[in-house]
Amino acid sequence: MKLLILLLVMIKYGATIFEKHKNQTFWVAECTGKSYRNVSLAAYFAANSEADTLCDIKGKKLRSLQDYLDDRSDFVTLAMDEKLGLPYGTKVCIPEFDTHYRQHVKFEVRDQGTNLKGMGYKRADVFVRSEMDSYDTTVNNKVTLVFWKE
């Protein structure tokens, strides 16, 4: 119970901490900035035929969550509603990912999608490596998006 309360406080106010509980270390995210709660998150991926050619809105290669976790990318591509007018590369933190993966996962808004038009801050899509990865319940869930600056 203490850990849950600590986690909720840390998510709300932002901080980095490693908490020892029952011989396990838990990562609590450092996410400070404007936050949006209960955002529907979904995964998207490239079909095999377009895996090497799928690009973001500026023609740059999409970066998958799995490549980031394997230390092959500096960030994960996030797609959001273009009507929000978010600058290319806007930095986003998802505390639930940081906690789940026990590390800070860096997201950048670099893509859009027709399925996101008019959704505002209610929906975002995370680029994943494959169809199999798209079934991950960590990705397909309600999350908190925190928009921050480095």
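The shown structure was predicted, so the numbers you read here are calculated from the model rather than taken from an experiment. What's counted below: heavy atoms across the whole structure, side chains too, no hydrogens, waters or symmetry copies.
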**Q** Assess the side chains of E96 and T144: does a donor N or O sit below 3.5 Å from an acceptor N or O?
**A**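 Yes, a side-chain donor-acceptor pair sits under 3.5 Å.
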**Q** Side-chain contact, heavy-atom cut-off 4.5 Å: K106 with K91?
**A**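 Counting from C-beta outward, K106 and K91 never come under 4.5 Å.
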**Q** For residues V105 and V76, determine if any side-chain heavy atom of one lies less than 4.5 Å from a side-chain heavy atom of the other.
**A**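 Sidechains of V76 and V105: in contact.
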**Q** Cut-off 3.5 Å, side chains only: do R110 and Y88 have a donor facing an acceptor?
**A**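 Side-chain D/A pair, R110 to Y88: present.
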**Q** State, to 0.1 Å, how close W148 and T32 come at their nearest heavy-atom pair, and which atoms those are.
**A**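 Closest approach of W148 to T32, heavy atoms only: CB-O, 3.1 Å.
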**Q** What do you reckon, are the aromatic ring centroids of F107 and Y68 less than 6.0 Å apart?
**A**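 No: the rings miss the under 6.0 Å criterion.
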**Q** Any heavy-atom pair between the side chains of Q66 and V128 that's under 4.5 Å?
**A**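 A side-chain contact exists here, since the closest heavy-atom pair is under 4.5 Å.
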**Q** Look only at the side chain of D125 and the backbone of A43, and say whether a donor-acceptor pair between them is shorter than 3.5 Å.
**A**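 Judged by distance alone, no pair lies under 3.5 Å.
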**Q** Is it true that D67 and R129 make a salt bridge, defined as a side-chain N closer than 4.0 Å to a carboxylate O?
**A**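 Counted as a salt bridge, because a side-chain N and a carboxylate O are separated by less than 4.0 Å.
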**Q** Can you tell me how far apart CD (E108) and CZ (R63) are? Round to the nearest 0.5 Å.
**A**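 The distance works out to 9.5 Å.
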**Q** Starting from V126, can I reach Y36 by hopping between I/L/V/M/F/W/Y residues whose side chains sit under 4.5 Å apart?
**A**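 Yes, one cluster joins them.
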**Q** Just so I know, are the side chains of L41 and L78 near enough to count as touching, which here means a heavy-atom distance under 4.5 Å?
**A**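 Counting from C-beta outward, L41 and L78 do come under 4.5 Å.
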**Q** Please name the pair of heavy atoms, one in C93 and one in D98, separated by the smallest distance, quoted to 0.1 Å.
**A**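 Distance-wise, the nearest heavy atoms are SG-OD2, 3.5 Å.
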**Q** Look only at the side chain of T90 and the backbone of L86, and say whether a donor-acceptor pair between them is shorter than 3.5 Å.
**A**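 Not at all, since once roles are kept as given, no pair shorter than 3.5 Å links the two residues.
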**Q** Set out, in order, the CA-CA distance, both residues' side-chain angles and the distance that settles side-chain contact (heavy atoms from CB on, under 4.5 Å) for Q112 and M80, then state yes or no.
**A** CA-CA 5 Å; Q112 305 163 347; M80 293 193 71; over 6 Å; no
**Q** Using every non-hydrogen atom in the two residues, find where G120 and L84 come nearest and quote the distance to one decimal.
**A**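 So the minimum-distance heavy-atom pair works out to O-CD1, 3.5 Å.
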**Q** V109 and V39: same hydrophobic cluster, using ILVMFWY side-chain contacts below 4.5 Å?
**A**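 Shared cluster, yes.
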**Q** Testing the basics here: between L54 and F127, what is the closest heavy-atom pair and its distance to 0.1 Å?
**A**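 In terms of heavy atoms, the two residues are closest at CD2-CE1, 4.0 Å.
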**Q** For N140 and T137, test the side chains for any donor-to-acceptor distance below 3.5 angstrom and give the result as yes or no.
**A**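 Judged by distance alone, the side chains do not pair up.
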**Q** Examine the side chains of K122 and S40 and answer whether a donor and an acceptor come within less than 3.5 Å of each other.
**A**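 No.
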**Q** Answer yes or no: is there a side-chain heavy-atom contact under 4.5 Å between Q103 and F97?
**A**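 SC-SC contact between Q103 and F97 ruled out.
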**Q** Check for a donor-acceptor pair, side chain of D81 on one end and backbone N or O of M119 on the other, with a separation under 3.5 Å.
**A**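 Yes: the side chain of D81 pairs with the backbone of M119.
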**Q** Do P95 and V146 have side chains that get closer than 4.5 Å, going by heavy atoms?
**A**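 SC-SC contact between P95 and V146 confirmed.
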**Q** We want to know whether D111 and Y44 form a side-chain donor-acceptor pair, criterion being a heavy-atom distance below 3.5 angstrom.
**A**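 Judged by distance alone, the side chains do pair up.
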**Q** Strictly below 4.0 Å, N to O, side chains only: are D70 and R72 in salt-bridge contact?
**A**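 A salt bridge is present here (some side-chain N lies under 4.0 Å from a carboxylate O).
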**Q** Are N115 and R123 close enough, and set up right, to give a side-chain contact (heavy atoms from CB on, under 4.5 Å), and what steps lead you there?
**A** CA-CA 9 Å; N115 61 324; R123 170 82 189 273; 3.2 Å; yes
**Q** Once rounded to the nearest 0.5 Å, what's the spacing between atom OG of S73 and atom CG of L62?
**A**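 The CG atom of L62 is 10.0 Å from OG of S73, to the nearest 0.5 Å.
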**Q** Taking V139 as the starting point, is it possible to reach L69 by hopping between hydrophobic residues whose side chains are less than 4.5 Å apart?
**A**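 Yes, it is one cluster - the side chains of L69 and V139 are joined through contacts under 4.5 Å.
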